[in-house]
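The block underneath contains the structure these notes are about, expressed in structure tokens.
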Amino acid sequence: MGARQMSGAAILTINAGSSSVKFSVYEAGEEPVELGRGEVENLNAEAHLRVAPAGGVPGDEPIGRADHAGALRAILDHLAPMLDGRRVAGVGHRIVHGGAHHAAPQLLDDTSIGELHALEPLAPLHQPYNLAAVNAARAAFPDALQVGCFDTGFHRGHAWVNETFGLPRAYYDRGVRRYGFHGLSYEFIAGEIVRRHPELAGARVIVAHLGNGASMCAMHAGRSVNTTMGFSALDGLPMGTRTGQIDPGVLLYLMEFEKMDAAALTRLLYKESGLKGLSGISNDMRTLEASDAPEAAQAIDYFTARIRHEIGALTADLGGLDALVFTGGIGEHSALVRERVCGGMGWLGLSVDAGANAENAPEIGTGRMRVLVIPTDEERVIARAVARFLPGG
Ligand code: ADP
């Protein structure tokens, strides 16, 4: 009945970063049907709009020097063929930080937007851009519902020991906690695990989301128990350009003896480290895999060693393990990384079939442990959340 009421309605999802705005568009309904997706890249410079209508011909065109509002206008101009007469009834936004109190998706109005602005110090590199896009979307679609979906939300409800640092208690009360990120991806994967493998509904699963940003999540019966990212999106695994876990004593040393200030440390930890810093070649796993340089091999070794280390730690949090899931650009496509991770963990029952692994097959394990490859789709999680707020949803 809901589907009939909503016919003619569409859902737009927006994922705004510092230099790009990704979008996707769906026909509204209990399970939204994708009509297309795309991205504006290189904001505030020579921006480009790439569009991929579902089943249509992808396009790529320069749109000049666009900011977030300009990007949204360009997206809007190109939506018509995909909307095909449908009205945008709801816009869903990926919001990186919901803090301690915003977990479930929620309507964005002046009050909730104000509360989310107050969280900007917790995610200064992302939250302001997310909220700039909300502002632009409210102006562009004044009659549509605006819905915020939080990357931290999936991890709320962790045991206190997995949320705190060993600092004096007052810091926890002031919000210095382990929040965790990539929650929209983990929510999608949790749903896919049950849809594809109902027998794993109550299982202990580790999901490795390995993209430019990378983290892992320990789940029990589809709920997050612990995750490798913490207060910021820097902790845990090394990433394309981010350090991952680091002894905080290193930061004290760099401040005191190399006179680095917050801006210099931010640049070092977020932009110059990880695969890029270790290899001195690239942040891109494809480039590193294709390289003969020993530094490229070492960067991959460090990445996979840290993943194995975190599998051990998260398995301890879960009290055992039933399945390991790979997702994200690297997790979905790099047979080398999956082989390196599982190859060193036969003791845990992890091993992969070389042929299935080379084909990025959905199930690649040969040992006692299930090993799955599941493509993630954060946009769909946002679209589903918006659909629940629409009339009949
Ligand atoms: P983001 O976190 O920006 O969404 P993605 O999930 O798209 O990133 O992942 C990007 C990473 O995936 C890059 O390091 C890229 O090299 C890697 N990747 C994509 N395809 C392959 C492939 N076929 N083999 C190895 N790595 C790949």
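Computed from a prediction, not measured in an experiment: that's the story for all the values here. The figures here come from the full heavy-atom set of this structure, side chains too, leaving out hydrogens, waters and symmetry mates. Note that ligands are numbered from 1 as they come in the structure, with each ligand's atoms numbered from 1 the same way.
Heavy atoms from other residues, nucleotides or ligands lying under 6.0 Å from CZ of F165 number more than 12.
Ligand 1 has no nitrogen or oxygen under 3.5 angstrom from a nitrogen or oxygen of G328.
Close contacts between ligand 1 and G213 involve ligand atoms 2 (O) [criterion: under 4.0 Å to a heavy atom]. The E289 neighbourhood of ligand 1 comprises atoms 25 (C), with distances under 4.0 Å to a heavy atom of that residue.
Counting protein heavy atoms only, atom 14 (O) of ligand 1 is closest to M285 N, 3.1 Å. What sits closest to atom 4 (O) of ligand 1 on the protein, heavy atoms only, is K22 NZ, 4.1 Å. Ranking protein heavy atoms by distance to atom 27 (C) of ligand 1, first place goes to R286 CG, 3.6 Å. Considering only non-hydrogen protein atoms, atom 11 (C) of ligand 1 sits nearest to I330 CG1, 3.7 Å. Regarding atom 22 (C) of ligand 1, its nearest protein heavy-atom neighbour is H333 CB, 3.3 Å. Protein heavy atom nearest atom 2 (O) of ligand 1, with residue, atom name and distance: N212 N, 3.0 Å. For atom 16 (O) of ligand 1, the closest non-hydrogen atom of the protein is D284 OD1, 2.4 Å. For atom 18 (N) of ligand 1, the closest non-hydrogen atom on the protein side is G329 O, 3.6 Å.
Y270 does not carry R242 over the face of its six-membered ring by the limits of under 6.0 Å from the centre and within 45° of the normal. Cation-pi geometry between R169 and Y172 is not met: the NZ or CZ atom fails to fall both under 6.0 Å from the ring centre and inside 45° of the normal.
Looking only at side-chain heavy atoms (C-beta outward), H155 and N226 stay at 4.5 Å or farther from each other.
Of all the heavy atoms of E332, none lies under 4.0 Å from any atom of ligand 1, so neither backbone nor side chain is involved.
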